[in-house]
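So that we are looking at the same thing, I have put the structure below in structure tokens.
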Amino acid sequence: MTELSSRYDPKTVEAKWLSIWKDGNVFHAVPSDKKPFTIVIPPPNVTGILHMGHALNNTLQDILVRYKRMRGFEALWMPGTDHAGIATQNVVEKQLAKEGKTRYDIGREAMLGRLWAWKNEYGGTILKQLEKLGSSCDWPRTRFTMDDAYSEAVKEVFIRLYEKDLIYRGNRIINWCPRCQTALSDEEAEHKDKNGKLYHIKYPFKNDSSKQLIVATTRPETMLGDTAVAINPTDERYKGYAGQTLVLPLIKREIKIIADEFVSLEFGTGAVKVTPAHDPNDFAMGERHGLETINIMRPDGVLNEQAGVFKDLDRFAARKAVIAALDEQGFLVKIEDHTHAVGHCYRCDTVVEPYLSKQWFVRMMPLAKPAADAVRNGQIKFHPERWEKVYLNWMDNIRDWCISRQIWWGHRIPVWYDDQSNAYVARTEAEAQQKAKGQRGKDVSLRQDEDVLDTWFSSWLWPFATLGWPAKNQDLEFFYPTNALFTASEIIFFWVARMIMAGYEFMGKAPFQDVYIHGTVRDAKGRKMSKSLGNALDPLEIIDEYGADALRFSLIINSGQDIFISKEKFEIGRNFANKIWNASRLIFMNVSPEAFKDYQNFEFDQLNLPSRWILSQLYSTISRTAEAIEKYRYSEAESLVQEFFWGSFCDWYLEIIKNQWKDVLVQKVALHVLSNSLKILHPFMPFITEEIYKNLQEGSVNLSNSSWPEYKKEYVSEDDQKTMQSMIDLISSIRNTRAQWNIKPNETVECVLSVADVRLLNAIQKDFENFQVLGKIRSVQFEAGLSKVNDAASGVVGEIRYFIPLSGIVDIQKEKRRMSDQFTQLEKTANAIAGRLQNSEFVKKAPPEVIAKDQERLQIIQKEMSELTSVISSLS
RNA sequence: GGGCGGUUAGCUCAGCUGGUAGAGCAGCUGACUUACAUUCAGCAGGCCGUUGGUUCGAUCCCAGCACCGCCCACCA
């Protein structure tokens with residue numbers, strides 16, 4: 001029939017289908033009369049290279065999108081990339097560094113030219129890699145956060161928020177990365193526990209230098225910028241100190257002692273140096289007490305002229321120098337070990353500096369409220385649910401968002417300043433000119449804000465900006481809101497939360513209903529996969545070696561919470577693909593054109609038990625798999641399909657029918673099961689299923705746009721499943737003889753055992769030989785054939801059945817003990833229930849269904865007890 | 001410091017309405033059998049972290065404890 005090779009070769013097959021899908025544009029979705037189903041891809045960074053996290057994330061999305069497409073939805077999966085401001089700029093700056101230049105050397109315009117050139121050349125890499133995974137994105141729709149239209153959306157949002165007074169500019173302590181030389185948001189500063197030191201330093205009093213106040217600090221170099229020392233007003237130790245003057249060592253500046261509730265009595269010495277320009281708490285105290293702010297540091301982390309003799313020292317060198325100087329002059333009291341959390345830049349891992357500067361902020365409280373409510377009232381659901389708490393906890397403690405970045409790659413802030421530093425927020429410079437003229441009454445020259453917006457300030461618009469917002473159009477109308485979002489927990493705050501806020505603020509609707517949070521892919525030892533650790537498995541290499549289907553399948557079936565993966569894990573998927581392939585070969589080798597013509601139609605009543613059984617299994621698998629997918633239980637869905645296809649279809653059905661191939665009905669059933677199995681396998685393993693399905697020649701339809709099998713209730717029979725199951729158990733028991741069968745002396749058994757599986761025959765025969773020696777079997781006939789297997793269900797082998805379960809146990813005494821334990825347990829339960837039922841008060845008060853349940857349970861227990869009794873007595 | 005999760009076979013994990021536990025892998029036995037050795041048949045291996053509570057009955061529900069992991073956080 002078909003010439004399928006004995007081993008599945010993913011490479012050629014995958015390449016072939018990728019181009020068929022692409023040429024046919026089969027994943028293109030347009031507004032139609034179907035129901036919409038939309039997912040937007042979490043846009044990978046343009047600098048991204050496919051890693052296992054992407055592979056997992058996108059496989060999950062692909063499974064759902066393909067499934068929904070098969071279920072008749074107009075399913076759109078919107079692809080695209082994120083410009084990744086700092087990350088991309090870092091990459092290009094590294095290139096420049098090789099030429100011995102910095103971005104300042106070549107200037108803003110030339111730098112942007114190089115950035116775009118880099119983006120145009122390498123920015124598509126990650127998407128091509130995602131495509132190789134089999135991702136069924138609507139590729140022609142691919143968006144980029146710095147597309148012209150998208151940039152308009154960003155600008156629009158800035159202006160709208162500004163007009164609502166939700167954006168403001170302020171002088172605040174922010175997280176500053178001295179390497180990237182930009183501000184970071186609170187989320188972009190990663191806190192890590194560091195083993196540091198706590199330095200105790202003497203600050204002498206002005207009027208009596210023999211008296212000192214000892215302060216404790218972890219960042220002694222910032223003392224150069226101290227403008228006060230704070231104590232707690234209730235601190236008995238320092239009663240009357242407030243208001244006195246100290247002389248700052250080294251600098252000799254006079255500073256006051258202030259009293260502030262913020263100061264903890266327990267920590268350190270109870271006296272805190274106050275450096276308003278270099279610490280957020282100190283800044284707040286400074287505001288409360290009207291303190292001066294002294295900035296001692298340049299943007300690159302080197303101390304400035306305010307630092308006196310320490311000028312031009314890097315902050316860490318300065319720390320050492322300050323300590324040395326303090327020690328030398330007798331101000332250093334002691335140094336203690338101290339662990340504390342230190343912020344690090346999430347892009348370059350440099351220690352972040354709390355730094356006073358003028359930045360743009362978004363007022364988050366008003367935006368957070370509807371977004372938090374949406375989750376509270378169930379309009380948006382997290383899967384697994386527990387992430388809702390994490391989300392809400394952040395939302396309820398939300399702080400303003402620093403959105404300006406001192407880099408060049410990104411959306412430039414749409415604000416212009418005149419010579420008096422008045423700010424004009426406008427869509428274009430011309431508009432700003434007009435506004436300025438209106439306000440100043442004359443033309444003034446303007447300069448645009450140098451800064452760009454945080455990358456996330458564009459990403460948070462992704463679900464609707466990709467569909468064309470702020471323009472009104474059919475796409476937006478039809479595909480928004482999206483249905484599900486798939487992401488890792490790391491970016492719940494960065495992205496998910498903000499998207500929800502933006503969705504409500506700008507669209508008046510939630511951007512999606514379901515948020516699926518998947519685990520992190522880790523190596524076998526549980527470490528995060530990373531290039532620097534050298535433990536990363538490259539998905540492309542895995543695809544190359546095992547195939548994309550194998551990668552997808554293995555990844556998903558392993559996904560519980562976090563996913564621990566090693567190379568061997570991908571054998572699961574590869575082996576399964578091979579199994580599917582070979583089962584298909586077997587079927588294709590044995591079916592006739594007649595069966596091929598219409599294998600979807602057959603008389604169900606004429607089928608034998610194994611056929612009815614496999615159909616029953618098939619259809620219950622179909623519905624259970626669908627249910628699992630809908631509930632976002634992907635690994636369960638895969639297990640169900642695999643268990644059915646391999647464990648039931650291949651291991652039992654195909655073995656049983658080996659000698660029945662001449663029966664057209666059997667051929668039809670085999671083809672029918674294969675065809676439908678391919679359909680339910682398709683979302684998980686798109687390539688191999690397409691390839692095999694093609695051989696079924698059901699019209700010219702690709703599996704990618706065929707439909708999910710309809711559930712046929714009439715094929716699902718519990719009786720058939722039970723009968724067949726007991727047969728399977730029976731045959732299994734017979735197979736499993738040797739040590740297990742414990743035949744009583746003098747007992748003889750005569751039986752005819754039919755074995756369909758030729759392979760099994762030898763194994764079993766051997767066992768039976770042993771069995772004959774061991775027990776007293778007079779004769780056992782072996783017969784490779786099918787008809788008798790069917791008969792077995794109706795009782796021919798039933799005689800064997802009688803003693804297998806009982807004498808098949810090695811340690812009868814142990815089993816007896818178990819059974820009598822069980823009996824006592826049941827007896828106790830029965831008594832308890834019976835007692836309850838005789839209690840007239842209980843019967844009066846308890847709801848009828850409870851009583852009914854009790855009665856039912858009592859009956860079951862009593863039945864079990866009587867069965868147990870007979871079994872126990874037969875054992876002795 | 002606050003919050004969240006986990007603890008089940010050697011390993012990775014299921015166990016989604018409470019009825020003394022399942023899978024895959026690894027291990028061990030056995031089968032060269034024309035769909036598949038990327039295979040097939042089988043075996044063994046578990047006081048379901050610990051202490052209490054609720055229940056006739058707890059891996060499951062409740063509380064405490066221990067250990068592991070993650071997230072958040074401005075005690076310098």
Side-chain angles (χ1 to χ4, degrees), chain A residues 4 6-8 173 186-187 191 198-199 215-219 222 230 262-269 271-275 279-284 338 340-341 343 354 384 386-387 389-390 393-394 397 489-490 492-493 520 524 526 546 550 557-566 568-569 571-590 628 631 633 635-636 639 642-643 647 650-651 654-655 658 732 735-740 757-764 766-767 818 821-822 825-836 857 860-861 864:
Chain A
L4 299 181
S6 75
R7 260 213 193 157
Y8 173 58
I173 297 274
D186 292 332
E187 291 69 35
H191 290 270
L198 190 60
Y199 303 88
V215 301
T217 178
T218 54
R219 291 158 63 220
T222 60
F262 163 79
V263 181
S264 153
L265 293 166
E266 287 82 37
F267 191 88
T269 60
V272 189
K273 56 191 268 325
V274 183
T275 324
D279 184 278
N281 294 315
D282 294 4
F283 183 76
H338 177 64
H340 61 136
R386 64 191 152 89
W387 293 107
K389 285 184 198 154
V390 176
N393 187 46
W394 188 75
N397 298 294
S489 59
E490 290 103 87
I492 291 179
F493 308 138
T520 311
Y546 297 90
I557 205 154
N558 270 300
S559 65
Q561 303 202 18
D562 279 358
I563 302 171
F564 300 87
I565 216 99
S566 57
E568 307 81 66
K569 291 269 168 92
E571 289 172 10
I572 301 168
R574 179 199 60 185
N575 295 356
F576 186 40
N578 194 245
K579 191 72 183 178
I580 298 167
W581 187 255
N582 279 296
S584 308
R585 281 179 67 212
L586 173 71
I587 294 167
F588 289 138
M589 279 172 179
N590 285 292
K631 282 187 182 159
R633 292 165 162 264
S635 65
E636 183 182 310
S639 310
Q642 188 190 29
E643 176 56 31
C650 294
D651 287 351
L654 291 181
E655 295 297 347
K658 263 196 175 143
S732 298
R735 282 172 179 175
N736 156 20
T737 47
R738 207 188 327 263
Q740 299 242 330
D757 183 349
V758 183
R759 285 193 217 172
L760 287 179
L761 196 61
N762 287 356
I764 295 175
K766 209 157 206 174
D767 282 339
R818 260 185 82 144
D821 281 356
Q822 201 179 344
Q825 181 61 262
L826 286 171
E827 200 176 29
K828 241 170 96 182
T829 308
N831 287 341
I833 296 173
R836 201 155 54 207
R857 217 153 60 174
I860 292 169
I861 291 169
E864 271 176 40

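The figures here come from the full heavy-atom set of this structure, side chains too, leaving out hydrogens, waters and symmetry mates. Each chain gets a letter, A, B and so on, in the order the sequences are listed, and its residues count up from 1. Source: prediction; values computed, not measured.
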Does some side-chain heavy atom of A:Leu198 sit less than 4.5 Å from a side-chain heavy atom of A:His340?
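No. Closest side-chain heavy atoms not under 4.5 Å.
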Using whole Å, report how far CD1 of A:Ile492 lies from P of B:rG5.
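These atoms are roughly 13 Å apart.
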Quote, to the nearest angstrom, the C1' distance that separates B:rG57 from B:rC4.
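Straight-line distance between the two C1' atoms is 32 Å.
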Could you tell me how far apart A:Leu654 (CG) and B:rA41 (C1') are, to the nearest whole angstrom?
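Rounded to the whole Å, the gap is 17 Å.
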Using side-chain heavy atoms (C-beta onward) and a distance below 4.5 Å, is A:Ile572 in contact with A:Asn558?
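The answer is yes; the side chains approach within 4.5 Å.
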Nearest to the side chain of A:Ser264 - B:rA37, B:rA76, B:rA35?
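Ranking B:rA37, B:rA76, B:rA35 by closest atom to the A:Ser264 side chain puts B:rA76 first.
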Could you work out the separation of B:rG15 and B:rA23 based on their P atoms and round it to a whole Å?
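The answer is 15 Å between these two P atoms.
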Atom P, compared across B:rG18 and B:rC74: separation rounded to whole Å
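That atom pair is separated by 42 Å.
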So, for A:Gly573 and A:Ala550, which heavy atoms are closest and what is the spacing to 0.1 Å?
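Shortest heavy-atom separation between A:Gly573 and A:Ala550 comes out as C-CB, 3.6 Å.
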On RNA chain B, does the nearest nucleotide to A:Thr269 precede the nearest nucleotide to A:Phe576 from the 5' side, or the other way round? Give the residue.
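This one resolves to A:Phe576.
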Atom-pair distance (CZ on A:Arg7; P on B:rU39), nearest Å:
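One finds 9 Å between P of B:rU39 and CZ of A:Arg7, rounded.
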Between B:rG24 (C1') and A:Gln642 (CD): distance, integer Å
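The answer, rounded to whole Å, is 8 Å.
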Quick check on B:rC75: is either OP1 or OP2 less than 4.0 Å from any side-chain nitrogen or oxygen of A:His338?
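For B:rC75, neither OP1 nor OP2 has a side-chain N or O of A:His338 closer than 4.0 Å.
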Of A:Leu586 and A:Ala271, the one whose closest RNA chain B nucleotide lies more 5':
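Taking each residue's closest nucleotide, the earlier one in sequence belongs to A:Leu586.
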Per A:Ala583 side chain, nearest of listed nucleotides B:rA35, B:rA76, B:rA37:
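Ranking B:rA35, B:rA76, B:rA37 by closest atom to the A:Ala583 side chain puts B:rA35 first.
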Separation of atom CG in A:Asn582 from atom C1' in B:rA37, rounded to whole Å
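After rounding, the reported distance stands at 11 Å.
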Between the side chain of A:Asn582 and the main-chain N/O of A:Asn578, is any donor-acceptor distance below 3.5 Å?
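Answer holds: yes.
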Can you classify the ring geometry of A:Trp394 versus A:Phe493 as parallel (below 30°), tilted (30 to 60°) or perpendicular (above 60°)?
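The arrangement is parallel - the two ring planes meet at less than 30°.
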Can you tell me, in whole Å, how much space there is between the C1' of B:rG27 and that of B:rA9?
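Each nucleotide's C1' atom is 12 Å from the other's.
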Choose from B:rU38, B:rA76, B:rU39 the nucleotide whose nearest atom is closest to any side-chain atom of A:Lys579.
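Per side-chain heavy atoms of A:Lys579, the pick is B:rU39.
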Any A:Lys389 side-chain nitrogen or oxygen under 4.0 Å from OP1 or OP2 of B:rG2
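A:Lys389 to B:rG2 OP1/OP2: no side-chain N or O under 4.0 Å.
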Separation between the P atoms of B:rU39 and B:rG5, rounded to whole Å:
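Rounded to whole Å, the distance is 39 Å.
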Non-hydrogen side-chain atoms of A:Thr222 and A:Asp279 separated by less than 4.5 Å
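No; the side chains remain at least 4.5 Å from each other.
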What does the list of N/O pairs under 3.5 Å between the protein and nucleotides 71-74 of chain B look like, with a distance for each?
residue, atom, partner, partner atom, Å
B:rC74, OP1, A:Arg399, NH1, 2.6
B:rC74, OP1, A:Arg399, NH2, 3.0
B:rC74, O2', A:Asn281, ND2, 2.4
B:rC74, N1, A:Asn281, OD1, 3.2
B:rC74, O2, A:Asn281, OD1, 2.0
B:rC74, O2, A:Asn281, ND2, 2.9
B:rC74, N3, A:Asn281, OD1, 3.4

Among A:Phe576, A:Tyr8, A:Phe588, which residue meets the ring-ring contact (aromatic ring centres under 6.0 Å, His included) test with A:Trp581?
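Considering A:Phe576, A:Tyr8, A:Phe588, a ring-ring contact (aromatic ring centres under 6.0 Å, His included) with A:Trp581 is found only for A:Tyr8.
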Between B:rA76 and A:Arg219, is there an OP1 or OP2 to side-chain N/O distance shorter than 4.0 Å?
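The answer is no; no side-chain N or O of A:Arg219 sits under 4.0 Å from OP1 or OP2.
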When you compare B:rG1 with B:rA44, how far apart are their C1' atoms, in angstrom units rounded to a whole number?
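Each nucleotide's C1' atom is 49 Å from the other's.
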Side chain of A:Asp651 - closest among B:rU12, B:rU38, B:rA41:
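Among B:rU12, B:rU38, B:rA41, the one nearest the side chain of A:Asp651 is B:rA41.
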For RNA chain B, what dot-bracket results from Watson-Crick or G-U pairs at under 3.5 Å, with [ ] for crossers and | for inter-strand partners?
(((((((..((((.....[..)))).(((((.......))))).....(((((..]....))))))))))))....
Identify whether any heavy atom of A:Arg574 sits under 4.0 Å from a base atom; if not, whether one sits that close to sugar-phosphate; answer base, sugar-phosphate or nothing.
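Base, at least one base atom sits under 4.0 Å.
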How close or far is atom P of B:rU39 from atom CD1 of A:Ile580, stated in whole angstroms?
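After rounding, the reported distance stands at 12 Å.
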Shortest non-hydrogen contact between A:Thr269 and A:Ala216, atoms and distance
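Heavy-atom minimum between the residues: OG1-N, 3.9 Å.
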Show your reasoning for whether side-chain contact (heavy atoms from CB on, under 4.5 Å) applies to A:Ile173 and A:Asn281.
CA-CA 9 Å; A:Ile173 297 274; A:Asn281 294 315; over 6 Å; no
Interatomic distance, A:Lys273 NZ vs B:rC75 P [rounded to whole Å]
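One finds 15 Å between P of B:rC75 and NZ of A:Lys273, rounded.
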Nearest to the side chain of A:Val272, which nucleotide is it out of B:rA35, B:rC4, B:rA76?
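The answer is B:rA76.
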CG/A:Asn393 to CH2/A:Trp387 distance, rounded to the nearest 0.5 angstrom?
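Between atom CG of A:Asn393 and atom CH2 of A:Trp387 there are 12.5 Å.
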Can you measure A:Glu568 atom CD to B:rC11 atom P for me and round it to whole angstrom units?
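These atoms are roughly 16 Å apart.
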Shortest non-hydrogen separation from A:Glu655 to A:Cys650 and the atoms involved:
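Taking every non-hydrogen atom into account, CG-O, 3.6 Å.
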Separation between the C1' atoms of B:rU55 and B:rC28, rounded to whole Å:
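One C1' to the other, the span is 42 Å.
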Suppose you measure atom P in B:rC68 against the same atom in B:rU8; what distance do you get, rounded to whole Å?
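That atom pair is separated by 15 Å.
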Side chain of A:Glu636 (C-beta onward), nearest among B:rU38, B:rC16, B:rA76
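So the nucleotide nearest the side chain must be B:rC16.
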Please tell me if the side chains of A:Thr275 and A:Arg219 come closer than 4.5 Å, counting only heavy atoms from C-beta onward.
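Result no, sub-4.5 Å side-chain heavy-atom pair not found.
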